[in-house]
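First up is the structure itself, then whatever we jot down about it.
We're numbering straight along the sequence, starting at 1. Counting convention: from 1, in listed order, for ligands and their atoms alike. This structure is a prediction, so every number in the text was calculated from the model and none was measured.
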Amino acid sequence: MCGIIGVIQEKGEVAPFIHQALKRLEYRGYDSVGVTTIDMDRLYSKKDKGKIDDVHRKLNLDDLPGRIGIGHTRWATHGIPSLFNSHPHFDCNNEVAVVHNGVIDNFLALREELLSKGHKFDSETDTEVIPHLIEDCIADGMSLKEAVKYVTKRIEGTYAVVAMCINEPDKIVVTRDGNPLVIGRKGSTSYVSSDIPAFLPMTNNMMLLLDGEIATLTLDGIEFEKLSDGSQVNRKTIKISWTADQAQKGGFPHFMLKEIHEQPEAIANTLRLPQEAIDKAAELILNADKTYFLAMGTSGHAALAGRHMFASLSGILPSLELASEFQDTVYGAINDTDLVVAITQSGETTDTIVAAKYAKKLGSKILAITNVVGSSITRLADHTIITQAGPEIGVAATKTFMVQLASLAQIALAAGHRSSFIDSEIISRKRESLGRLPDIVSSVIATQEANARRIAGEYYMHPSMLFLGRGISMATAYEGALKLKEIAYNHAEGYSAGESKHGPIALVEDGYPVIFVAPNDNTRSRLIGNIMEMKARGASIISVIEEEDTELEFLSNELFSIPHGVEPEFSIMPYIVPLQLFSYYMATRKGYDPDKPRNLAKSVTVL
Ligand code: F6R
């Protein structure tokens, strides 16, 4: 939800770097873009609605003077995408520039107050109150840092704010509460950004800015301070293992396709997580009275699959809760004997963070499963599993989903082993099967990609599809439908195959596509019954089956086939792959950009 960048460097113009950094942040929002620099005591700005490439073609975002600048790529919350609502926002005199990610809940009251003092507003955004508040502070003789501190006392909501002004043309001041900001430093250049890939080509050394802190970036270095008492903070540098190459398309037409292809490696890396970290997670679950899985979207589908893995491998059945509904569902009925497992690839999803904070307040322990070192969820958690997908740029989650599944599988196995729920021979067989998954997923990509493209070519004109599965494959069906909906804009519903006859079957008429996720597990014979029901109503059946399942081959119009040798608890990992590829090719066949689906952003930092 909005990408922010700020850079101060010793030599050369900063605008081209800011432009490129915004391109690397575009997955966070892409309805408008803007860059502001300072040179010779004045602000220079270019901004407009539209994707970065389109705005750059029109305005040339590289052509701004100055060694210090800020930029923003927007996902609209307050005010439609338009030139005036694009960030950066300014004060009345065009001396202060601000970019912001988040939502300021009390902006209307602040705006009224500022209007009554004679301030003029250009936009409908909540953000614009910030530069005007800073303007008044500076007029009263405050420094930029003091002004930003004052702003944090006046605004309510969540924010990451980056500000600069012409009175102090050698610094950028940043603060946050609830929205991410990371800081980087290479030589005398300082960077601040919503996410690491923005400055990854320059450095993989990063420092976290925590909620309730303010930092000042200059050529001399970075000073961190606590807002509560003004005390200095000595922040450590963290070296992250991500590389700049991982955040490039590497010859693929889209990040999404590249990330689908990276899944075997991502699983293999996640299977190498230290066993102590996995055991500690398993121990937390075994010691809890009740375990709640909290997540949203694709992470929620990983949680649903994880629930099956835990039930089958460790005899524990965690509750699954949509994080956004958690407070309104549990009504305080959790306590310090319970555990919340927050599953969030970005670690920043506000629904998940708010729910985890609520659980923590009631005394529950928090186990986090996330892909981002230092993200907000890691700071709430008692223990964190960092999945090893590397940076995921495509907005639709693929490889981060895969590694969430790989982590949950390992924790479920460790829990089953520690509690002796299943005997060690079975554990060894399951572990071996897990270890084969990188190769199996690799073979699915190699054998099914052309098939996915061909089937998408046949079906792209169909506006609506059902995705059905039973048991763990219900999660696969949900995720397959979500991917298609997100990037190809088809109406797609993931359903339990058993539930399909209680309503969704009414949609089915001659030629209506129904996709069945049909591994050779104990759901297979009942699923065949559901296939027959759909066929009897003229549905066109597309099945994801285990190879050489001749019965299902006979019943299906189109097939995706998956190699033998996958344990039922892990089937979702290879079986989702053809559906990811199918969605990708449906989107590209329809002329859509799968990396930037409309109205979506990579991390959703609003409630
Ligand atoms: C779907 C997708 C979203 C996210 C959801 C939660 O492709 O990416 O549904 O899964 O917004 O995001 P995280 O995992 O970052 O909490």
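No salt bridge links Lys280 with Glu283; every basic N to acidic carboxylate O contact stays at or beyond 4.0 Å. Salt-bridge annotation for Glu493 and Lys485: absent, with no side-chain N of the basic residue lying under 4.0 Å from a carboxylate O of the acidic one. Comment: Asp54 does not engage Lys51 in a salt bridge, judged by the lack of any side-chain N to carboxylate O separation of less than 4.0 angstrom.
Of the possible donor and acceptor atoms, one in the side chain of Lys360 sits under 3.5 Å from a partner among the backbone N and O of Leu380.
Listed by number with element, the atoms of ligand 1 under 4.0 Å from a non-hydrogen atom of Val395 are 8 (O). For ligand 1 and Gly297, the ligand atoms under 4.0 Å from any heavy atom of the residue are 9 (O), 10 (O).
By the neighbour-count criterion of 12 heavy atoms within 6.0 Å, atom CD of Gln327 is densely surrounded, having more than that number from other residues, nucleotides or ligands. Other residues, nucleotides and ligands contribute over 12 non-hydrogen atoms within 6.0 Å of the NZ atom of Lys258.
Residue Leu482 places no N or O, backbone or side chain, under 3.5 Å from any N or O of ligand 1. Here's the thing with Glu486: one of its N/O atoms is less than 3.5 angstrom from an N/O atom of ligand 1.
Counting protein heavy atoms only, atom 14 (O) of ligand 1 is closest to Ser299 OG, 2.5 Å. Of the protein's non-hydrogen atoms, Thr349 OG1, 3.2 Å is the one closest to atom 13 (P) of ligand 1.
Heavy-atom distances between Asp351 and ligand 1 stay at or above 4.0 Å for every pair. At least one heavy atom of Lys483 sits less than 4.0 Å from an atom of ligand 1.
When heavy-atom distances to ligand 1 are checked against a 4.0 Å cut-off, Leu600 has no atom that comes that close, whether in backbone or side chain.
Within the 4.5 Å cutoff, side-chain heavy atoms of Thr378 are placed close to those of Ser375.
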